[in-house]
Amino acid sequence: MAFASIGDIDVAARVEETIKRRGADKKVVASIWTSLAGAGGVLAIVAMFVTWYSDDRTATAWFSGFLPPIALLLVVSAAAVLVAKPLRIVGADRRVDSDLFAFVVIGGGALLMMLRQLSRGGLSDMVYLLIIPLVAWTFSVVRALGRPNRSTRLELEQVALGLAAIGAGLIVVKRLLDPEYATGGWAWGLLAGLAVVAAALAACQYLGILSIFQVTLFVALALSVIILVILLVQVIGDGWPVLSERLGDFWSGTLRSRSGDERLGISQGILGSFWIAGFVVMIAFPIGIAAAVYLEEYAPRNRFTTMLDIIVRNLAGVPSVVYGLLGLFLFVKGTVVTHWIIDRVNSVWASIFDEEQLIEVGQSTLFAGGVTLAILVLPIVIITAAEAVRAVPQSLREGAYGVGATKWEVIRSQVLPFAAPGILTGTLLALARAVGEAAPLILVGAITGRLAPRDSMFSGVDQFFGQFADRFTAMPIVIVGWVRNSGVDSGFGPAAGAAIVMLLVFVIMMNSVAVLLRNYFEKKRA
Amino acid sequence: MTSTDVPAKGVTLSIDESPAATAASQAQDVVFRARDLSVFYGDFRAVRNVDIDIRQGEITALIGPSGCGKSTVLRSFNRMNDLIPTARLEGLLTYRGVDLYHPKVDPVEVRRRIGMVFQKPNPFPKSIFDNVAYGPRIAGIKKKGELNEIVEASLTRAALWEEVKDRLSASATGMSGGQQQRMCIARAIASNPDVLLMDEPCSALDPIATARIEELMIELKKDYTIVIVTHNMQQAARVSDRTAFFTAEVDAKTEQRTGVLVEFDLTTTVFSTPADERTENYITGRFG
Amino acid sequence: MTDFSVTEMVTTTRTPPSLSVEALAGPQSRQRKESIIRGLFFAAALVSVLISVLIIVSLVREAWTFITQVDWAVTWGETGWFPRRGLYDMPTLLVSSIIVTVVAMLVAGPLGLGAAIYLSEYASRRVRGILKPVLEVLAGVPSVVLGFFALFFISPQVIEKIGRSAWLWIGYGISGMAAVGVGMWTLRAWRDSDTTTATIIKRVVTLAVLITVVFVLFWWVNSVAQDCSPVAGDTAACPVENSFTVKRSGQLAAAAIGVGILTIPLVASVAEDALASVPRELREASAGLGARKATTTRQVVLPAAVSGIVAAFIIGISRALGETMVVFMAGGAADAAEFTSSPFEGGLTMTAGMASLATGTDSVVGEGLTFQSLYFVGLVLFAITLLLNVVAGRFVARVRERY
């Protein structure tokens, strides 16, 4: 910034100095408050979880004793900083005062609400964790929305201080009103929430997240991540007993009617899922990639092609149960046409192998499950492959055409190799999806209860091929069955958790490989 | 013997069969002949009523400001416009006496005889060897020995052999722009074409690389007929034997720009004594 | 290009052969090969048409049997969905589906949209590089996992711990915020000086819709507050706090939250695509005029991307409607359900209803039209999701054509 000198005063230097000082001010205040709020927050979170999840009276009582002193400490420090701060701010920044006023108003309102509930007695913990910050937030957002380009810059110290002061004050008030009162769950929740919010806000300022709007968005994102973490922790935790004790047996076991049976395991599920993946690879990938090549390379730009595109997109959005209905209709119940086709196939098979029929229609078979899932996954393969082919630069095609290549030669030697990584990514994602789907398989009649184990599929040709005509199960189905049975026999719960962990490992691995591949090739190409 | 013209699409032509014209076309074979050629993209007429003869063993330059249909005309010579779904042709375009757009003609065959080098070098993401060998491979040559010879000969012809002979299996995309473009020329040559079409081959290159390619063009003239589109007048003046000047006419009603061939003559004539005022304005830099 | 000698190519000037059309026609075999290959690819593309047709045929065929044979009295106003006993009360399934979808979108909408905006507008490249893959991992989690999570965690630890009355407070709070939002929208629209008839009509209509939505929200929360027992209206059996029966098998609310979590990544990714398609120049112009980041985002980027964001919501709704396993596992009902409008009871959505028909016994058995009822519900579901997807597609197209 270039300012002229006014007389003897070097304005530029002055401004720089002020900015630095204000920045330093903010940093100093923020760091004091961050430490205070952070400490209080950590303590409060621990206390909250302890009381919520443990029934240990002594622990609760112990923390109960701690609370009033902490509250007092927070109130005193809050007051101190509040008083000290206005003196250090250069110039009349009326925004500061109005925010403070706003939070006093909010606090007053919250206070009234709290007192009213107090008189009723007995509250649920977590709600009040949410109410005050929520109200404060709403208020700030409402004010900001009213005027465009208005800064919603958090005066974080004010927010944090106001909230914590209110909370601590409430507890103190309650204690004063009712000396017998042992601070109960609600107070925990309240103070914990306030301290957490205060710490988070101060931390946000440190991280450079400086407006309420931005904080809201970040919270949305953070919640999604946190939910995923909680999910993983809970699933692994639930399945840990089984995983840690019996991993090998679990891997090779089969479906049993009692969860205590040590032969309980997921081998049939793995086998079923493996074959379903096989069907998907053999059926959906070739057809899907070919269809994508047609749509992008061969199809003329007319209404029919647009219609094809719309059909594929709508197929991708059809709920998976409906595909189950289709499979049920075509293969399990069977139609005239399918019966006819399968009879032909079986007669060819019989003439070659002189053995039992390959596929059956009219009952639930592995074949039905596999083909149904291949159909479900087909639109996804088409869409991702088409995207990959579309991304091939036209200059590559022109170069090949220019040397006299035919259309197929251009596709084979230039387009497909270039699009291969993208196609591969798409197919991996589709495979992961297929392995995780349960609804269509339920409709097609996958077994959830007890499934008689077969002889090993390697023990003979007809054993190998016969399994396609048999009842089957798959990993997600095994999980569903065990979860449903866990109401009756609670041991199935951990078993289901363990199975989920194995399924998740596979699915997440496939997804990660696909994403990594895509990123790697994108970087290489750039 | 006059060159056999196959009138197509019900267009009646008057063929100049005077002794002078006959002698002229006998002296040097006419490779491309366009009569009353117009190219449309849907309803939009990109270029109209082009009459031009490209002669064998010459470098013919198509010059003019941007948007005059020079590239369109060039790409119609090897049926590259087929790649654009809405493109269509009216008028006559023959290659060595054969109507290029006859329904029986296979564009793939056409492109094996008429090679193209593009504005921005477009090496395939393969090795240098595989790039240059691509054309012969799809023509059916499989033997390693033959391919090696062809690749070496083409790269030599394109003045690139010495620089890359030790790294033929390296990726073609790792070379500099000028090298890539020379490789693209080698790739085009490897198919043993009759004609080389070049669409602004030097516009993406620096002056030194440009100079090398211009030298190359003059060398290649001995064996190939070359048609080049260029924005660079001086380049046309340096390398070409004949020059065609295009300009754009703006339709007052639709504001569409349609290209039109203004003048086509020996380069020396066009640049020293242009017949049309528009040509002179362009040459002297008064517009465009 | 047939035989030629390399040396010839290099040293001599060839005399060009005289040509005929046939010479330029190319070998027949090549044409044929190309046609065959093209035909194969075309056939592959037609498979998708075949599948669409088959889906519609299968649904309509069986549903038609149902439609023509069912006593329509049992499809409306009955006590519940008891397909094996011949009671096919559609509102049971429909209302449960709506409840699950609404609650799921209350979770997925803000979280997904917020995450998308943050990732797109605010996140640094490093943060983006870490968090975007996390969202993609969440997208890949199979629905059975969410069902497990909903049943064993969300139901006991979240729904039941927090308690019914607390949730009702939250419900009132959300309705209240919605009302405030509508009020603010009205104020803003009032102050806006654009007063052409068309605009006024549009505003009145929008206001009517918004007020209806808020009213329905309040009414629903209220009705849930009154309805404490499986049979609606029996308030005598309703204690004040934590009053819903702890069903080991879950309840709709838990399942709905699970569905919401499942839908977050989908909403986020479509919304992010919409935001990314807003050209950089718009943001730069706004910043160049001195607007703050939040203002640019709210006033310029979001309005520009609104079609895509609406599409994201519609796609999310479609997905939530079509989700089966979470409700099947954690929704709190076996293969039949009584009518309820409370998310704290167990229930069956259309999808879970279909799935539950197919389990329990070895195949779909029951008296009369049980099997066909499966397809009837399937047809209804298919029609609704198809409609939603088509509408969403229109919005996506609108984004594409703008930029």
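Protein chains get the first letters and strands the later ones, always in sequence-line order, with residue 1 at the start of each. Below, each value reflects all heavy atoms present in this structure, side chains not excepted, and no hydrogens, waters or symmetry copies.
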What is the distance from atom [atom1] of [X] to atom [atom2] of [Y], rounded to the nearest 0.5 Å?
X: B/Lys126; Y: A/Ser413; atom1: NZ; atom2: OG; answer: 5.5 Å
X: A/Glu398; Y: B/Arg111; atom1: CD; atom2: CZ; answer: 10.0 Å
X: B/Ile138; Y: A/Thr406; atom1: CD1; atom2: OG1; answer: 7.0 Å
X: B/Asn78; Y: A/Tyr401; atom1: CG; atom2: OH; answer: 12.5 Å

Answer key: most heavy-atom pairs under 4.5 Å with chain A among B/Gln119, B/Arg187, B/Lys120 is B/Arg187
Given B/Met80, B/Met116, B/Arg79, the one with more heavy-atom pairs under 4.5 angstrom with chain A than any other is B/Met80
### Query
Crowded around A/Asn302 CG? As in, over 12 foreign heavy atoms under 6.0 Å?
yes
Review point. Under the 3.5 angstrom rule, does the side chain of B/Asn122 hit a backbone N or O of A/Leu396 as a donor-acceptor pair?
Key: no
Q | Check: A/Phe418 and B/Pro125 side chains under 4.5 Å, non-hydrogen atoms | A | yes
With a 4.5 angstrom heavy-atom cut-off, which part of [X] approaches chain A: side chain, backbone, both or neither?
X: B/Arg75; value: side chain
X: B/Pro123; value: backbone
X: B/Leu83; value: side chain
X: B/Ile114; value: backbone
X: B/Tyr134; value: side chain

In terms of heavy-atom pairs under 4.5 Å with chain B, the winner among A/Arg301, A/Glu409, A/Gln414 is A/Gln414
Assert top hit (heavy-atom pairs under 4.5 Å, partner chain B, pool A/Gly402, A/Pro300, A/Pro393) equals A/Gly402
Sequence neighbours excluded, the answer for side-chain contact (heavy atoms from CB on, under 4.5 Å) partners of B/Ala46 is B/Tyr41, B/Phe44, B/Thr72
